[in-house]
Amino acid sequence: ECLKYVYNCHNNYKLLKTLEHSSEVYSVAFNHDGTKIVSGSDDKVVRIWDVKTGELLKTLEGHKRRVKSVAFNIGKYDKKPSTKIVSGTPSDTNNEPFGTPEKSLRVWDLETGEFIRMKNPGTVNSAAFNHDGNLIVSGNFTGQVSIWNVKTGELLKKMIGHTNGVPSVVFNHDGTKIVSGSRDKTVRVWDVATGNLLKILKGHTKDVNTVAFNHDGTKIVSGSHDE
């Protein structure tokens, strides 16, 4: 079994809870008020947990391959806290070759467990909501970065530039920019309104695995396999 852990950062990082999946866990996230955790696993399910008790609140089933990316919405768009989760998988059909574009990016309703699919996102490595919760950005296996309408599932913009897969994508706080990190060893910054590439940040010598903006969007941090 594969486990994930919740620590108390104000008490010498004391272990608080151990939460279980039946296989490797690829992605975890807190909701905005810190009361819930979402996790995505090699066991093909998305699970929602209560932070205080460690209780499993809901299991979201339907993906046919490992779940590589999960995130809560912030809640502003729906006028209430974290009502949706996005989850992405490398492929959603076992009968298709790996890398075949599939409908493998889902937005789940936390209350009903129902979902809508983004339309043909490709093999999804990473996904995130904007702060308003009305847009999703995804990065796929081929290097494409895409922006989606949460309500309709429609593809709004497709950003081409990376030459290898994109393990990490995120909006800045005001939703005007996206940063993406790729296995092509670069970090790229994109304009949300136009889809234009604003900047290529070079320096890593190996795959870029994770990227993030600071709160005011003036700095970016990136992590890689660099030695």
Side-chain angles (χ1 to χ4, degrees), residues 4 21 25-49 57-92 101-141 144-159 165-173 175 178-181 190 192 210-213:
K4 51 190 184 46
H21 272 272
V25 176
Y26 290 107
S27 183
V28 293
F30 282 100
N31 68 342
H32 189 59
D33 65 9
T35 59
K36 296 182 179 66
I37 290 170
V38 61
S39 57
S41 170
D42 192 58
D43 61 15
K44 308 172 188 176
V45 301
V46 176
R47 292 186 172 174
I48 316 299
W49 310 85
L57 301 175
K58 190 163 294 190
T59 299
L60 305 176
E61 299 178 307
H63 284 300
K64 296 180 176 63
R65 292 181 71 96
R66 62 191 184 274
V67 181
K68 289 282 286 185
S69 182
V70 292
F72 284 99
N73 72 329
I74 299 297
K76 180 180 176 181
Y77 179 67
D78 299 282
K79 309 301 182 185
K80 53 184 178 179
S82 297
T83 59
K84 291 181 173 59
I85 287 169
V86 61
S87 62
T89 69
S91 175
D92 222 21
E102 298 295 338
K103 298 176 181 178
S104 54
L105 185 62
R106 300 184 179 197
V107 176
W108 304 82
D109 185 293
L110 280 178
E111 293 298 320
T112 66
E114 296 177 352
F115 64 87
I116 65 168
R117 299 186 186 196
M118 305 300 101
K119 298 176 181 178
N120 298 313
T123 56
V124 178
N125 288 331
S126 53
F129 285 99
N130 68 344
H131 191 264
D132 287 349
N134 59 341
L135 300 176
I136 288 171
V137 60
S138 67
N140 75 11
F141 180 77
Q144 181 176 306
V145 177
S146 304
I147 301 174
W148 307 87
N149 182 301
V150 168
K151 276 193 170 183
T152 67
E154 294 291 337
L155 175 64
L156 300 178
K157 288 187 175 62
K158 181 167 60 175
M159 287 90 88
V166 179
S168 185
V169 289
V170 67
F171 286 94
N172 68 344
H173 187 70
I178 288 165
V179 63
S180 56
W190 310 86
V192 171
T210 185
V211 292
F213 281 103

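The structure displayed is predicted, hence computed values, not measured ones. Below, all heavy atoms of this structure are taken into account, side chains as well, without hydrogens, waters or symmetry copies.
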- request: Please step through side-chain contact (heavy atoms from CB on, under 4.5 Å) for the pair Val107 and Met118, ending with a clear verdict.
  value: CA-CA 8 Å; Val107 176; Met118 305 300 101; 3.7 Å; yes

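Proximity of a side-chain donor or acceptor of Thr89 to a complementary backbone N or O of Arg65 within less than 3.5 Å is not detected. At least one donor-acceptor pair closer than 3.5 Å links the side chain of Ser69 to the backbone N or O of Ala127. A distance-only check finds a donor-acceptor pair linking the side chain of Ser126 to the backbone of Val166 [under 3.5 Å]. A donor-acceptor pair is defined here as one N or O able to donate and one able to accept, closer than 3.5 Å; such a pair exists between the side chain of Asn73 and the backbone of Lys84. Using a distance-only test at 3.5 Å, with no hydrogens or angles considered, no donor-acceptor pair links the side chain of Ser146 to the main chain of Ser138. Panel note: side chain Lys58, backbone Leu110; a donor-acceptor pair is recorded below 3.5 Å. In this structure, the side chain of Asn172 does not engage the main chain of Phe213 through any donor-acceptor pair within 3.5 Å. With hydrogens and angles ignored, the 3.5 Å screen pairs a side-chain donor or acceptor of Asn31 with a backbone N or O of Lys36.
Under the 30°/60° scheme for interplanar angles, the aromatic rings of Trp108 and His63 are found to stand perpendicular.
In this structure, the separation between CZ on Phe171 and CG on Leu135 is 5.0 Å, given to the nearest 0.5 Å. Lys68 contributes atom NZ, which lies 10.5 Å from atom CZ of Phe141 (distance to the nearest 0.5 angstrom).
Of the residues listed (Ser87, Ser39, Ser41), the one engaging Val70 in a side chain to side chain contact (heavy atoms under 4.5 Å, CB included) is Ser87, and it is the only one.
Asn130 places none of its side-chain heavy atoms less than 4.5 Å from the side chain of Val137. For the pair Met159/Ile147, a side-chain contact is recorded, criterion being any heavy-atom separation below 4.5 Å from C-beta on. At least one side-chain heavy atom of Val45 sits less than 4.5 Å from a side-chain heavy atom of His21. Using a 4.5 Å heavy-atom cutoff, the side chains of Trp148 and Leu155 are in contact. For the pair Phe115 and Leu60, the minimum side-chain heavy-atom distance is 4.5 Å or more. Between Tyr26 and Val67 there is no side-chain heavy-atom pair separated by less than 4.5 Å.
The two residues Ser180 and Trp190 come nearest to each other via the heavy atoms OG-NE1, 2.9 Å. Across all non-hydrogen atoms, the minimal contact from Ile136 to Val86 is CD1-CG2, 3.7 Å. Closest of all the heavy-atom pairs between Val38 and Ile85 is CG2-CD1, 3.7 Å. Considering every non-hydrogen atom in both Gly181 and Pro167, the closest pair reads O-CD, 3.0 Å. Pairing each heavy atom of Gly153 with each of Ile116, the nearest pair is N-CD1, 4.3 Å.
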